[in-house]
Amino acid sequence: MSTLNQLIVGDCLQILATLENSSVDAVITDPPYFLDKLDSDWDADRVRHMTFGQVIKHLPAGMKLDPEQGRRLYEWYLQVSQQIMRVLKPGGFFFSFSSPRLYHRLTCAVEDAGFLIRDTFLWVYLQNQPKAMSLNHFIMRMPIDPEAKEALKKRLEGWRTPQIKSCYEPIVVAQKSYERTLLDNFIKHGVGLFNTNLRIGINYYPSNILIVDGVEELMDKYFLLDKPSAEEKGDYNHHQTVKPVPLCEYLILLSTQEGATVLDPFVGSGTTAVAAKRLNRNYIGIDINPEYIHIAERRLAEVQASDGRNSSLPSRQPTLLLDD
Ligand SMILES: C[S@@+](CC[C@H](N)C(=O)[O-])C[C@H]1O[C@@H](n2cnc3c(N)ncnc32)[C@H](O)[C@@H]1O
């Protein structure tokens, strides 16, 4: 059975193993970040019940720090990246979202699977929940007299656990080795070069900074993609980490031609597949959770393919443009 334009429920390692060698033009994916036990089986329930020594006890999800997370991410993502290496065409690009904290482990796994690390793009945003916590409730439980407690609280006013408000996500840009030269490879396989006709706003060249919130006039003129609309996500879409469609469109337009096949092995609520369909590319999406696949199917059913020139929301400027 062809997997083209299909969403498949399953563990990506098993499903990837069934895809043909050198059959995919680009991989764009947003894997589990291995923070808070949101790892390869995405078990949010397990996070809530974690109490033993490798995490800070009694903290809600989002604040746990497990020193083994990075190592586990590396070992697992190495296997995922090896499969991606196999299914990508020579010279094909692999874009992987990551977290500022475990980016280094993820990138090493991608590189050790044999990819050339070409760049790191930054998805910059303004809104995020700071994860740091005050230490007051620990102070209150210290065996010291109330005056000393108050003095310590005063001394630590504003000092919190070392977690900053995170305002960007790195996207690793990796490339499978190409055959002979980049030119030979592009002529034969249709991948391996970047489409520099792609513009954001008044920027004369595609760049490695992408934003979807207005930041500041000058930044916006160069780097601001269309803001995702409320409808774009779907009011039925309860996935926790939906990515903006314009961002995926940017990566697709940069690295593939019409008719190409874009794979997302962690497709979640289907953002990459939606972007691919809008731009007349084929998609293959995999997710372990059938509930998310249903959401993705519903989103895809609502998509009209465009001609790939004006992506997401042409009504709003600046927008993604492709020159002739
Ligand atoms: C960060 S989310 C992707 C969100 C997606 N970009 C979107 O916009 O909706 C990661 C996804 O990986 C899935 N996942 C976790 N472990 C997996 C595995 N072993 N195989 C396939 N999918 C997995 C989760 O169910 C989750 O939907």
Side-chain angles (χ1 to χ4, degrees), residues 3 6-19 26-47 61-62 69 72-73 75-84 87 94-103 106 109 121 123 125 128 166 169-172 210 212 225 228-252 262-278 283-300 302-303 312:
T3 46
Q6 299 289 322
L7 297 173
I8 307 162
V9 179
D11 184 309
C12 78
L13 277 175
Q14 284 169 16
I15 307 294
L16 283 170
T18 67
L19 302 186
V27 175
I28 297 173
T29 201
D30 172 27
Y33 290 172
F34 273 57
L35 304 173
D36 303 327
K37 306 288 178 217
L38 289 179
D39 51 27
S40 53
D41 55 7
W42 194 256
D43 191 345
D45 200 45
R46 194 149 43 96
V47 178
Q69 285 165 334
R72 282 201 301 274
L73 171 61
E75 285 166 4
W76 175 71
Y77 216 57
L78 180 61
Q79 295 175 59
V80 173
S81 302
Q82 284 164 341
Q83 282 297 331
I84 290 173
V87 302
F94 173 20
F95 299 92
S96 179
F97 286 78
S98 183
S99 69
R101 188 152 81 72
L102 293 182
Y103 164 83
L106 183 135
F121 291 4
W123 171 29
Y125 42 77
N128 202 2
S166 190
E169 281 183 34
I171 304 170
V172 180
L210 304 160
V212 289
L225 290 165
S229 67
E231 309 91 76
E232 177 191 291
K233 187 177 156 190
D235 54 10
Y236 48 84
N237 187 352
H238 56 80
H239 197 290
Q240 288 172 336
T241 63
V242 183
K243 292 289 176 279
V245 172
L247 213 136
C248 293
E249 289 183 341
Y250 181 85
L251 303 179
I252 291 170
V262 180
L263 164 70
D264 186 344
F266 305 101
V267 77
S269 66
T271 310
T272 307
V274 166
K277 184 170 176 189
R278 285 182 58 88
Y283 58 83
I284 303 172
I286 305 169
D287 203 282
I288 203 163
N289 189 329
E291 221 180 303
Y292 297 151
I293 292 286
H294 288 145
I295 296 172
E297 281 167 348
R298 191 163 162 190
R299 287 178 81 192
L300 276 163
E302 290 165 5
V303 170
S312 291

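When a ligand or atom number is given, it counts from 1 through the structure's own listing order. Position 1 is the first residue of the sequence, and the numbers go up from there. The figures here come from the full heavy-atom set of this structure, side chains too, leaving out hydrogens, waters and symmetry mates.
Note that the CG atom of Asn289 and the CD1 atom of Ile295 stand 8.0 Å from one another [nearest 0.5 Å]. Remark: Phe97 CZ to Leu247 CG distance equals 4.5 Å, nearest 0.5 Å. The structure places OG1 of Thr271 at 8.0 Å from CG of Asp30, a figure rounded to the nearest 0.5 Å. For the atom pair OG of Ser96 and CD1 of Ile28, the computed distance is 11.0 Å after rounding to the nearest 0.5 Å. The CD1 atom of Ile8 sits 5.5 Å away from the CD1 atom of Ile286 when rounded to the nearest 0.5 Å.
The shortest N or O to N or O distance between Ser269 and ligand 1 is below 3.5 Å. The distance criterion of under 3.5 Å between nitrogen or oxygen atoms is met by Asp287 with respect to ligand 1. In terms of polar-atom proximity, Trp76 is not counted as a contact of ligand 1, lacking any N or O under 3.5 Å from an N or O of the ligand. The shortest N or O to N or O distance between Asp264 and ligand 1 is not below 3.5 Å. Looking at ligand 1, you'll find an N or O of Ile288 within less than 3.5 Å of one of its N or O atoms.
Between Glu169 and Lys243 there is a salt bridge, with a side-chain nitrogen of the basic residue lying less than 4.0 Å from a carboxylate oxygen of the acidic one.
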Can Thr241 and Tyr33 be said to form a side-chain hydrogen bond (donor to acceptor under 3.5 Å, both in side chains), step by step?
CA-CA 11 Å; Thr241 63; Tyr33 290 172; over 6 Å; no
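Counting only distance, with no hydrogens or angles, the side chain of Asp287 and the backbone of Gly268 share a donor-acceptor pair below 3.5 Å.
The distance from ligand 1 to the heavy atoms of Val242 drops below 4.0 Å at these ligand atoms: 7 (C), 8 (O), 9 (O). Near Pro265, meaning under 4.0 Å from any of its heavy atoms, are these atoms of ligand 1: 21 (C), 22 (N).
The option with the heavy atom closest to atom 1 (C) of ligand 1, from among Thr271, Thr241, Asp11, is Thr241. Comparing Gly268, Pro32, Ala273 by heavy-atom distance to atom 15 (C) of ligand 1, the nearest is Pro32.
Under the side-chain hydrogen bond (donor to acceptor under 3.5 Å, both in side chains) criterion, His238 pairs with Glu291, sequence neighbours left out.
Heavy atoms of His239 found under 4.0 angstrom from ligand 1 belong exclusively to the side chain. Under 4.0 angstrom from ligand 1, the non-hydrogen atoms of Tyr292 all belong to its side chain.
In this structure, Gly10 is part of the shell of residues with a heavy atom less than 4.0 angstrom from ligand 1. Residue contacts with ligand 1: Val267 is included, with a non-hydrogen atom under 4.0 Å away.
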